[in-house]
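Note sheet for the following structure.
Note on naming: letters A, B, ... go to the chains in the order of the sequence lines (proteins, then strands), and numbering restarts at 1 for each one. Quick note: numbers below take in every heavy atom, side chains included, and nothing from hydrogens, waters or symmetry partners.
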Protein chains: 2
Amino acid sequence: MVSKNSKRARLTYKDAGVDVAANDRMVKRIRHAVAATCDDRVLNGHNAFAGLFRLDYPGTLLRRNYRDPVLVAGTDGVGSKLLLGLQYGRLGDLGVDLVAMSVNDVLTTGAEPLFFLDYVACNKLIPAQVAEIVEGVARGCRLADCSLLGGETAELPDLYAKRHFDLAGFCVGVVERRRLIDGGRVEPGDAVIGLASNGIHSNGYALVRKLLARTGHRKKLSAKLGEPLEDAILRPTRIYVPSIRALLGRYRRKRVVRAMAHVTGGGLPGNLPRVIPGDCDVVIQRKSWPLPPIFQGLQRLGVARSEMYRVFNMGIGFVLVVRPTFARSIVRRLNRLGESAYRIGTIRLGSGKLRWA
Amino acid sequence: MVSKNSKRARLTYKDAGVDVAANDRMVKRIRHAVAATCDDRVLNGHNAFAGLFRLDYPGTLLRRNYRDPVLVAGTDGVGSKLLLGLQYGRLGDLGVDLVAMSVNDVLTTGAEPLFFLDYVACNKLIPAQVAEIVEGVARGCRLADCSLLGGETAELPDLYAKRHFDLAGFCVGVVERRRLIDGGRVEPGDAVIGLASNGIHSNGYALVRKLLARTGHRKKLSAKLGEPLEDAILRPTRIYVPSIRALLGRYRRKRVVRAMAHVTGGGLPGNLPRVIPGDCDVVIQRKSWPLPPIFQGLQRLGVARSEMYRVFNMGIGFVLVVRPTFARSIVRRLNRLGESAYRIGTIRLGSGKLRWA
C-alpha cells in the first residue's frame with residue numbers, strides 16, 4: 001500500500017515500496033550485465049540520484065579532450081514490435097532494439113554515443129521479465145560502445161494490462177563541433193550509400209501485426225524465408241555505431257561524409273529528405289540493392305509496393321551521403337568493416353524530395 | 001495501416017504515418033512553447049534525428065567553459081499521479097511533474113540541468129491532449145532553466161486503453177568535476193536543511209488513489225484543506241533548480257554543501273541514507289517543520305504515521321547536508337531565494353541509517 005515506483009540509478013536502486021524484494025532480485029540479476037557496459041568514464045560517486053559520466057578523460061586508454069563539444073541526444077521506443085516480442089517471449093531482443101533506435105539516431109550527427117538510460121513501465125515488476133529486458137539493453141549498449149548509465153522501473157498496475165509493459169530509451173553522444181554532420185554541405189552530385197538492414201528493424205509493426213492476424217498469412221509468409229518466421233520478424237535492429245565510427249575515424253580530416261540518415265518510420269522517403277538541403281533531391285535506384293525475402297513476403301500478402309516503401313526500410317537501414325570521389329573507397333571500407341554497403345543513389349538539384357529512378 | 005510511431009526532434013517531426021495531420025496540428029501548437037525553452041546553446045542544425053546542445057559557449061551572455069565536465073543524467077516518470085491528472089484533466093501539470101522528477105534528481109549532484117527530452121506513449125495521438133502535456137513539459141523546463149531538446153510521441157493502440165498514455169522524462173546536466181556534490185565528504189556534526197515541498201509531489205499516488213476510492217473519504221479529506229481537493233492533490237512538484245543553483249553560485253569556492261537529496265518514493269527514510277557515508281546516521285527532528293494539511297488529512301483517513309513517513313515527503317521535498325557553521329546563513333539565503341527552509345536535523349556517527357529524534 002505504498003508508492004510503487006522503483007528507481008534504478010546505475011547500480012543503486014531506490015526503495016521500491018512493496019516490491020523491495022522483487023526489485024532487489026532484479027537488480028542482483030542485472031548488476032553484472034550493467035557493469036560490463038561501463039568504462040572508466042562512468043564515475044561511481046556516492047550520489048545515488050543520477051548517473052555520472054566524465055566527458056573529458058586524461059587516462060591513456062580512453063583519452064578524450066573535446067575542444068568545443070556538442071552534446072547530441074535522442075529518445076525513442078520500440079513501438080508495436082513490443083507486443084510481438086512479448087507474444088514470442090523475446091524480451092531481451094527488444095532491449096537491443098530499444099538501444100538501436102536511439103543510438104543510430106544520435107550516430108547520424110557523427111557523434112560518439114556516450115551513455116544510455118532506459119525507462120521500463122510495467123503492470124507488475126516480475127524480476128525475471130525486467131531483468132531479461134535490461135540484460136538486452138546492456139547487450140545493445142555493448143554493441144553500441146556506450147554505457148548503461150541508469151534506468152527507471154515503474155509499476156503502474158492500473159495503466160498497463162497484465163504482463164504488459166512499455167519501454168523508452170534515451171541516448172546522449174558527443175561530437176566535436178567542427179566535425180558535426182548535419183547535411184548542410186550536401187551538394188548535387190554527391191553519392192548516396194545504403195547499408196543493409198538485418199530485417200524489419202523497429203518500424204512498421206502495426207502493419208506487420210495486422211497482416212499476421214489474418215488466416216493463413218502466417219504460413220504463407222513463413223514459406224521461402226529460409227529461417228523461422230519469429231527470427232525474421234523479431235531479429236533486433238542492427239546497430240551501425242562501430243562501423244560508422246571506424247569509417248569517420250579513417251576520414252577524419254577530409255570530411256567526406258556530408259549527411260547520414262537512420263531509416264525508421266516512413267522508410268527511405270520519410271527519412272532521407274530530412275537531412276538534405278531544400279534545393280536538392282535525393283534520387284534512389286530501387287534495383288541497386290537486394291530486396292530481403294521478408295519484405296517480398298509481406299508485399300505478397302497484399303500490400304501495394306509504394307506503401308511497402310513508405311512503411312518499411314526495405315533492406316536499407318542506414319544511409320550516408322558522401323563526396324562522389326570517395327564513394328567507391330567508402331563502400332569498400334564499409335564492406336570490410338562488416339556492413340553490406342551499396343551505392344543506391346545520387347543527389348540532384350531539386351526541392352527537398354526523394355525521387356525513384 | 002502504416003507505422004504509427006511519430007518522432008519529435010526539437011522542432012522537426014518525423015512522418016507519423018496515418019496521423020501526419022494530427023501530428024502536424026500538435027507540432028504547430030507546441031512550437032512556440034518549445035522554442036521559448038531554448039537558449040543559444042541549442043543548435044538548429046539541419047540534422048533532424050537528434051537534438052544538438054553546445055556544452056561550452058563563448059558568447060558573452062551564456063559564457064561557459066568546463067575544464068573537466070561531468071555529465072549527469074537522470075530519468076523518471078510520474079507514476080500513478082498520471083491517472084489522477086487524467087481524471088481531473090490536468091495534463092499540463094503532469095508535464096511539469098515529469099520535468100521536476102528528473103531535474104531535481106540531477107540537481108542533487110550540484111549540476112546545472114542543460115536539457116530535457118520527453119517520451120509520450122498513448123492510445124491515439126489526440127493533438128490537443130499531447131500538446132497540453134508538452135506545453136506543461138516546456139513550462140517545467142523554463143522553471144528549471146533547461147532546454148526542451150527533443151521528444152518522441154508513440155501511438156500504441158493495443159498497449160494503452162482509450163485516452164490512456166504514459167510519460168517518461170530524461171534530463172542531462174553538467175557539473176565541473178571538482179564541484180561535484182556526492183555526499184562523500186559528509187561528516188558527523190553536519191547540519192541537515194530541509195526545503196518545503198508544495199504538496200504530495202509525484203510519489204505515493206498508489207496509496208492516494210486507494211484512499212480516495214473509499215466512500216466518504218473524498219469529502220473528509222476536502223475539509224480543512226483551505227483549497228480545492230484537486231489543487232492540493234495535483235499541484236505540480238516543486239522545481240528547486242533556480243534557488244539551489246543560486247545558492248551554490250554564492251558559496252562557489254567554499255564547498256559548504258556536502259550532499260543533497262531529492263525526497264521521492266520512500267520519503268525521507270528512503271532517500272536521505274542514499275547520500276550519506278556508511279559510518280554516519282542522519283538524525284531528523286520530526287517537529288522541526290510544519291506538517292502540511294494534506295498529509296494530516298491523508299493520515300486521518302487511516303494510515304499509520306510511520307507508513308506516512310515511508311511513503312510521502314511529509315512537507316520536505318529537497319534536503320541539503322551542509323557544514324554546520326554555514327547552516328544559519330544558508331537557511332536565511334534559501335528563504336530569501338523564495339524557499340521555505342528549515343534546519344531539520346544533524347549528521348551523527350552511525351551505520352548509514354535515518355533515525356528520528
Intermediate values then yes/no, side chain to side chain donor-acceptor pair (under 3.5 Å), A/Asp97 and A/Thr237: CA-CA 5 Å; A/Asp97 278 314; A/Thr237 307; 2.5 Å; yes

Determine whether A/Thr108 and A/Val275 satisfy the following criterion, side chain to side chain contact (heavy atoms under 4.5 Å, CB included), listing intermediate values before the conclusion. CA-CA 9 Å; A/Thr108 63; A/Val275 290; 5.8 Å; no

Take A/Asp40 and A/Arg54 through the test salt bridge (Lys or Arg N to Asp or Glu O under 4.0 Å) and record every step on the way to the result. CA-CA 8 Å; A/Asp40 287 347; A/Arg54 204 169 166 193; over 6 Å; no

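Considering only heavy-atom pairs separated by less than 4.5 Å from chain B, the leading option among A/Leu82, A/Leu83, A/Val106 is A/Leu83. Counting heavy-atom pairs under 4.5 Å between each of B/Val72, B/Val208, B/Leu159 and chain A puts B/Leu159 at the top. Of all the listed residues (B/Pro269, B/Ala121, B/Ala261), the one sharing the greatest number of non-hydrogen pairs under 4.5 Å with chain A is B/Ala261. Comparing B/Val186, B/Val303, B/Leu55, B/Asn104 by how many heavy-atom pairs each has under 4.5 Å with chain A, the most go to B/Leu55.
In this structure the side chain of A/Tyr119 never reaches within 4.5 angstrom of the side chain of A/Asp166, judged on heavy atoms. Within the 4.5 Å cutoff, the side chain of B/Leu107 has heavy atoms near those of the B/Phe318 side chain.
Within the 4.5 angstrom heavy-atom criterion, no atom of B/Ala161 approaches chain A. Contact of B/Phe312 with chain A is not made at all, since no heavy-atom distance falls under 4.5 Å. Of the two parts of B/Leu167, only the backbone, made up of N, CA, C and O, holds a non-hydrogen atom closer than 4.5 Å to a non-hydrogen atom of chain A. B/Leu86 does not touch chain A: none of its heavy atoms, backbone or side chain, sits under 4.5 Å away. Only the side chain of B/Phe115 comes within contact range of chain A, with heavy atoms under 4.5 Å apart. Residue A/Tyr160 touches chain B through its side chain alone, counting heavy-atom pairs closer than 4.5 Å. For B/Ala259, no part lies near chain A; criterion is any non-hydrogen pair under 4.5 Å.
Looking at B/Glu155, its side chain never comes within 3.5 Å of a backbone N or O of B/Lys124 through a donor-acceptor pair.
In this structure, B/Phe49 CZ and A/Asp76 CG are separated by 11.0 Å, a value rounded to the nearest 0.5 Å.
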Please tabulate, for the side chains in residues 168-181 of chain B, all donor-acceptor contacts under 3.5 angstrom to protein atoms that are two or more places apart in sequence or on a different chain.
| from | atom 1 | to | atom 2 | distance (Å) |
| --- | --- | --- | --- | --- |
| B/Glu176 | OE1 | B/Arg67 | N | 3.1 |
| B/Glu176 | OE2 | B/Arg67 | N | 3.2 |
| B/Glu176 | OE2 | B/Asp68 | N | 2.7 |

